[in-house]
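In what follows, a structure is listed as structure tokens, so that the remarks can point back to it.
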2 protein chains.
Amino acid sequence: MPSRVIVSRDLADLMRLLAHADRLRLIEELGQGEKTVSELAAALALPSTRISQHLALLRAHRLVAERRNGRSHFYHLTHPQLATWILDALPFVDIRNRLGEAEHIERVRALWSAQPPHHNVE
Amino acid sequence: MPSRVIVSRDLADLMRLLAHADRLRLIEELGQGEKTVSELAAALALPSTRISQHLALLRAHRLVAERRNGRSHFYHLTHPQLATWILDALPFVDIRNRLGEAEHIERVRALWSAQPPHHNVE
DNA sequence: CCCATAGATGCATAATTTTGCAGATATGCA
DNA sequence: TGCATATCTGCAAAATTATGCATCTATGGG
């Protein structure tokens, strides 16, 4: 089984992991630093069970790692560059029915990188 | 519906499109230039119907575009950088049960970028 | 006009994922 | 010890995707 095929499988696995809006938001959230499950649940406005399930997936593929302290589980990206690499894909998203492309990308990038004051900025 | 959510959806759509080994190989193949459906089918050793189906998907999301000449349909990436952006993800793939990480990544990158002599290199 | 070649499409079936919910665990505190 | 908090896991139902196959379209040649 040729190596290119193998590699493409690995990459596809990674992409599949990222092919979910919640998980992407999770990763971008973690791009700003360590966070607990409940902080993430609050930030994304999702049930913490769901967050937990997503994190389990990401953890299984070593995209995030856990650090426990008391009853809180702090999560962080194992490769912090992952968050920025993802944003680098913005030029490739299909922007039909969207405003000015370049400006749009800038706006979005700013949106993500901005430390959300509390998380009412969404 | 907050914009971050929207963007993460767009990005997730993109990732979902890339979350398939065949499509990734297709994109890397096209990263080397325009190719027809049958060339791609031969290179990936897959039925051309399947190639066609994948291309239809990629086309629908404007990742590739078509140019027809006679009965051949030539495909190319609308954003050639896409191919290299994908390879930039190699450091993030889960390499448990693999050899030396850094060297491995280099080897793989070389493998992809090498113009396959005929396509028996696979 | 007829045939062969190159691709595209439609569909039903099979394979994967996602989601919600109902328990498990584990930790800190009274 | 008993209880509440924080999180994890297992599972079945619902939603998405992928695949194979049959069919259809377009182009070029004779």
Side-chain angles (χ1 to χ4, degrees), chain A residues 5 8-27 29-30 33-77 94 119, chain B residues 5 8-27 29-30 33-77 94 119:
Chain A
V5 176
S8 61
R9 268 209 248 293
D10 287 340
L11 280 171
D13 285 347
L14 173 63
M15 299 296 181
R16 195 167 326 116
L17 232 44
L18 302 179
H20 192 296
D22 294 347
R23 289 195 292 269
L24 285 179
R25 296 213 289 150
L26 227 36
I27 291 174
E29 209 61 47
L30 292 178
E34 224 182 27
K35 295 218 164 58
T36 69
V37 177
S38 23
E39 286 173 327
L40 291 168
L44 306 206
L46 288 175
S48 55
T49 285
R50 192 120 121 241
I51 299 293
S52 217
Q53 287 165 324
H54 285 312
L55 287 174
L57 244 191
L58 297 177
R59 206 173 52 215
H61 290 257
R62 295 182 169 53
L63 287 189
V64 303
E66 200 191 12
R67 174 179 76 83
R68 301 190 180 190
N69 187 4
R71 46 193 145 175
S72 298
H73 297 202
F74 291 87
Y75 280 89
H76 64 271
L77 299 179
D94 186 15
H119 74 64
Chain B
V5 175
S8 60
R9 269 209 248 293
D10 287 340
L11 281 171
D13 285 347
L14 172 64
M15 299 297 182
R16 197 168 323 116
L17 232 43
L18 303 179
H20 192 296
D22 294 347
R23 289 196 291 271
L24 285 179
R25 297 213 287 151
L26 228 35
I27 291 174
E29 210 61 47
L30 292 178
E34 223 181 27
K35 293 218 167 57
T36 69
V37 177
S38 23
E39 286 174 328
L40 291 168
L44 305 207
L46 289 175
S48 56
T49 284
R50 193 120 119 242
I51 299 292
S52 218
Q53 288 165 325
H54 284 312
L55 287 174
L57 243 191
L58 296 177
R59 207 173 51 216
H61 290 258
R62 295 184 168 53
L63 287 188
V64 303
E66 200 191 11
R67 173 179 77 83
R68 301 189 180 191
N69 186 7
R71 45 192 145 179
S72 299
H73 297 202
F74 291 87
Y75 280 89
H76 63 271
L77 299 179
D94 186 15
H119 72 64

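Just so we're on the same page: letters track the sequence lines, and every chain starts at 1.
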Quiz item: Which part of the nucleic acid, if any, lies within reach of A/Phe74 when heavy atoms closer than 4.0 Å are counted: base, sugar-phosphate only, or nothing?
Solution: nothing
Quiz item: So what does B/Ser38 hit on the nucleic acid, given a heavy-atom distance under 4.0 Å: a base, only sugar-phosphate, or nothing?
Solution: sugar-phosphate
Quiz prompt | Closest contact, heavy atoms only, A/Leu30 versus A/Tyr75 | solution = CD2-O, 3.4 Å
Quiz item: Looking only at heavy atoms, which two atoms of B/Thr36 and B/Ser72 are closest? And how far apart?
Solution: CG2-CB, 4.1 Å
Quiz item: Of all the nucleotides listed (D/dT7, C/dT9, C/dG7), which has the minimum atom distance to the side chain of B/Ala56?
Solution: C/dT9
Quiz item: What nucleotide, of C/dG7, C/dT9, D/dC8, holds the atom closest to the side chain of A/Arg59?
Solution: D/dC8
Exercise. Tell me, with the steps shown, if B/Leu58 and B/Ile27 meet side chain to side chain contact (heavy atoms under 4.5 Å, CB included).
Key: CA-CA 9 Å; B/Leu58 296 177; B/Ile27 291 174; 4.2 Å; yes
Nearest whole Å is fine: how far is [N] [atom2] from [X] [atom1]?
| X | N | atom1 | atom2 | result |
| --- | --- | --- | --- | --- |
| A/Leu58 | D/dT7 | CG | P | 16 Å |
| A/His73 | C/dT25 | NE2 | P | 14 Å |
| B/Tyr75 | C/dA6 | OH | C1' | 11 Å |
| A/Leu26 | D/dT7 | CG | C1' | 14 Å |
| A/Leu46 | D/dA6 | CG | C1' | 17 Å |
| B/Leu55 | C/dT9 | CG | C1' | 14 Å |
| A/Ile51 | D/dT9 | CD1 | P | 15 Å |

Quiz item: Under the side chain to side chain contact (heavy atoms under 4.5 Å, CB included) criterion, do A/Asp13 and B/Asp94 qualify, and how do the steps go?
Solution: CA-CA 9 Å; A/Asp13 285 347; B/Asp94 186 15; over 6 Å; no
Quiz item: For the side chain of B/His20 and the backbone of B/Asp22, is there at least one donor-acceptor N/O pair under 3.5 Å apart?
Solution: yes
Practice problem: State whether B/Thr36 places a side-chain N or O below 4.0 Å from either non-bridging phosphate oxygen (OP1 or OP2) of C/dG7. | Solution: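 So the side chain of B/Thr36 is within the cut-off, an N or O lying under 4.0 Å from OP1 or OP2 of C/dG7.
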Quiz prompt | Passing candidate, side chain to side chain contact (heavy atoms under 4.5 Å, CB included) with A/Glu29, options A/Leu24, A/Leu44, A/Ile51 | solution =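 Single side chain to side chain contact (heavy atoms under 4.5 Å, CB included) partner of A/Glu29 among A/Leu24, A/Leu44, A/Ile51: A/Leu44.
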Contacts under 3.5 Å, N or O only, protein and nucleotides 28-30 of chain C:
none

Practice problem: Go through A/Val64 and A/Arg59 one step at a time and tell me if the side chain to side chain contact (heavy atoms under 4.5 Å, CB included) criterion holds. | Solution: CA-CA 5 Å; A/Val64 303; A/Arg59 206 173 52 215; 4.1 Å; yes
Quiz item: So do A/Val5 and B/Arg25 actually touch side chain to side chain, heavy atoms under 4.5 Å?
Solution: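 Yes. Closest side-chain heavy atoms under 4.5 Å.
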Can you name the atoms? Protein N/O to nucleotides 15-25 of chain D N/O, anything below 3.5 Å, with the distance.
| residue | atom | partner | partner atom | Å |
| --- | --- | --- | --- | --- |
| D/dT17 | OP1 | B/Arg16 | NH1 | 3.2 |
| D/dA18 | OP1 | B/Arg23 | NH2 | 3.1 |
| D/dT19 | OP2 | B/His20 | NE2 | 2.8 |
| D/dG20 | OP2 | B/Arg50 | NH1 | 2.4 |
| D/dG20 | O6 | B/Gln53 | NE2 | 2.9 |

Exercise. Apply the test side chain to side chain contact (heavy atoms under 4.5 Å, CB included) to residues B/Leu18 and A/Leu18: give CA-CA distance (whole Å), side-chain angles for both, the deciding distance (0.1 Å), then the verdict.
Key: CA-CA 10 Å; B/Leu18 303 179; A/Leu18 302 179; over 6 Å; no
